[in-house]
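Following: one structure in structure tokens, then a few remarks.
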Amino acid sequence: MGSSQSNKQKSLIIFYSTIFILVFQLLFLKISPQLYSILNPLPFLIIGLAVKYSDFLKSCALALLILVFINFISEDFSPKQLIFFHFITSFVTICFFGSYNLSKKINLDSSNLLSGIIISFLFILAFFYILFFNDFEYEKLSAFLQKSIEQIISNYGLQKNNELDKFIQIIMVIVPSINSLIFFITFSLNFIFSKFILQKFMIKPVENINFIDFTTPLWFSLIFLMMLLIVLTQNQNSQMFVLSINALICMSFSFLLEGYIAFNNHFKKIKLNNFIKFLIIFLLFVFLGYVLFLMLLFLGMFENIIKKAKKKR
């Protein structure tokens, strides 16, 4: 009797989790495709934190099957792009929670776990870059970027810069890693937001996944320095240079996160209303933009050096 009731409860958890993922995905997409591109990991992360890993895995698979079935009935209601993004996001989130569960079994700390995930992501990125990003795709993307920039110049009445082609070439070199870095940042912000939502609804996460004590490991820093050395010594037209600079930008997320944690810890000590704190951070991102990211990156590197120096003492 108890076993039957437990199975029924488990089935209900999977059912409601599946509905939650589907409803919020469709809702974000219908409200705004831009909103969906930013918040699409959110429902997956909320469910991944709230239920057991096995139930989360089944919920993602069931939601995918439902989307495929709906697509056969009405492609307008469930477009193929939604199925593709659902598969990618669910796969990434499943790997994220799966890596955490594996790290617990082998006693791997959060610092080595996250750094290991970034390195694994780099291998996948390099594989896809070599396999799919051929000369034809390069020319297509280059032409698209040039057309987009020229359209912006035309719309705003700006003067055309002779260095436009050179600028496009630089963008083309780093576009894979920039996209990856944006994904890492978006995924992290969604993770923070999902924990905040669960806390507000007084739902205790199944696993207390925490990166507050994150520190970039020494082995990761050495690989980062090696990539930097290759970038400084290799010819800019070589494939090794392209792969190395993309690896360097992707790996910088580790120091960016460490800088954010340090900034957040210092910011918590300031006695201000939470809304005012949020407003200050929002305005910093609006007005400083990439400058703020660079500041956080250098802060993370500085914090990492200080921690390593303290350990040696």
Side-chain angles (χ1 to χ4, degrees), residues 37-38 110-111 114-115 117-119 121-122 125 129 145 148-149 152 158 161 163-164 166-193 211-234 236 241-270 272 276-310:
S37 66
I38 296 167
S110 61
S111 299
L114 195 56
S115 300
I117 290 171
I118 294 168
I119 294 295
F121 189 87
L122 278 177
L125 181 67
Y129 182 85
L145 279 171
S148 300
I149 293 167
I152 292 167
L158 301 172
N161 196 326
E163 299 293 315
L164 181 62
K166 191 176 179 181
F167 175 73
I168 290 169
Q169 285 177 359
I170 294 167
I171 295 295
M172 288 297 299
V173 168
I174 62 171
V175 73
S177 56
I178 292 296
N179 285 331
S180 304
L181 192 61
I182 289 168
F183 175 77
F184 284 148
I185 293 165
T186 306
F187 192 86
S188 302
L189 291 173
N190 276 281
F191 180 72
I192 294 165
F193 192 33
F211 295 105
I212 293 171
D213 299 323
F214 175 80
T215 304
T216 305
L218 180 61
W219 63 266
F220 189 92
S221 300
L222 291 172
I223 296 171
F224 186 85
L225 287 172
M226 187 177 72
M227 291 295 114
L228 180 61
L229 190 65
I230 293 169
V231 167
L232 294 172
T233 55
Q234 286 290 314
Q236 291 186 10
F241 174 84
V242 174
L243 289 171
S244 298
I245 197 165
N246 278 284
L248 201 67
I249 292 168
C250 277
M251 291 176 75
S252 66
F253 173 75
S254 179
F255 296 104
L256 193 65
L257 178 62
E258 199 166 350
Y260 167 77
I261 292 166
F263 171 78
N264 194 41
N265 289 337
H266 289 301
F267 201 60
K268 278 180 180 177
K269 294 173 184 177
I270 302 170
L272 283 173
I276 296 170
K277 283 185 179 180
F278 173 79
L279 192 63
I280 291 168
I281 292 169
F282 177 76
L283 291 171
L284 283 171
F285 274 104
V286 169
F287 290 107
L288 293 178
Y290 291 111
V291 177
L292 182 62
F293 282 112
L294 286 171
M295 286 168 65
L296 290 175
L297 178 65
F298 289 122
L299 177 62
M301 289 177 174
F302 181 69
E303 283 286 321
N304 190 259
I305 292 165
I306 289 172
K307 287 172 187 174
K308 295 287 186 293
K310 282 181 180 178

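Nothing fancy with the numbering, it's 1 onward along the sequence.
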Between CG on residue Asn190 and CZ on residue Phe187, distance to nearest 0.5 Å: 8.0 Å
For the student: nearest non-hydrogen atoms of Ile249 and Ile178, plus distance: CG2-CD1, 4.3 Å
Heavy-atom pair with the smallest gap, counting every atom of Leu256 and Leu296: CD1-CB, 3.8 Å
Side-chain heavy-atom pair Phe255, Asn304 within 4.5 angstrom cut-off: yes
Least distance between heavy atoms, Ile118 atom then Met251 atom: CG2-CA, 4.2 Å
Residue pair Ile245, Ser177: steps toward the side chain to side chain contact (heavy atoms under 4.5 Å, CB included) verdict: CA-CA 8 Å; Ile245 197 165; Ser177 56; over 6 Å; no
Nearest-0.5 Å distance that lies between atom OG in Ser115 and atom CZ in Phe214: 4.0 Å
Ile185 CD1 to Phe253 CZ distance, which is reported to the nearest 0.5 Å: 7.0 Å
From Asn246 atom CG to Met227 atom CE, the distance as rounded to the nearest 0.5 Å: 11.5 Å
Pair Thr216, Ser221: side-chain N/O donor-acceptor within cut-off below 3.5 Å: no
Phe183 and Phe121 aromatic ring geometry - parallel, tilted or perpendicular at 30°/60° bounds: parallel
Shortest non-hydrogen separation from Ile230 to Ser244 and the atoms involved: CG2-OG, 3.0 Å
From CD (Glu258) to OG (Ser252), nearest 0.5 Å: 12.5 Å
Pairwise distance OG1(Thr233) to CG(Leu228) - rounded to 0.5 angstrom: 9.5 Å
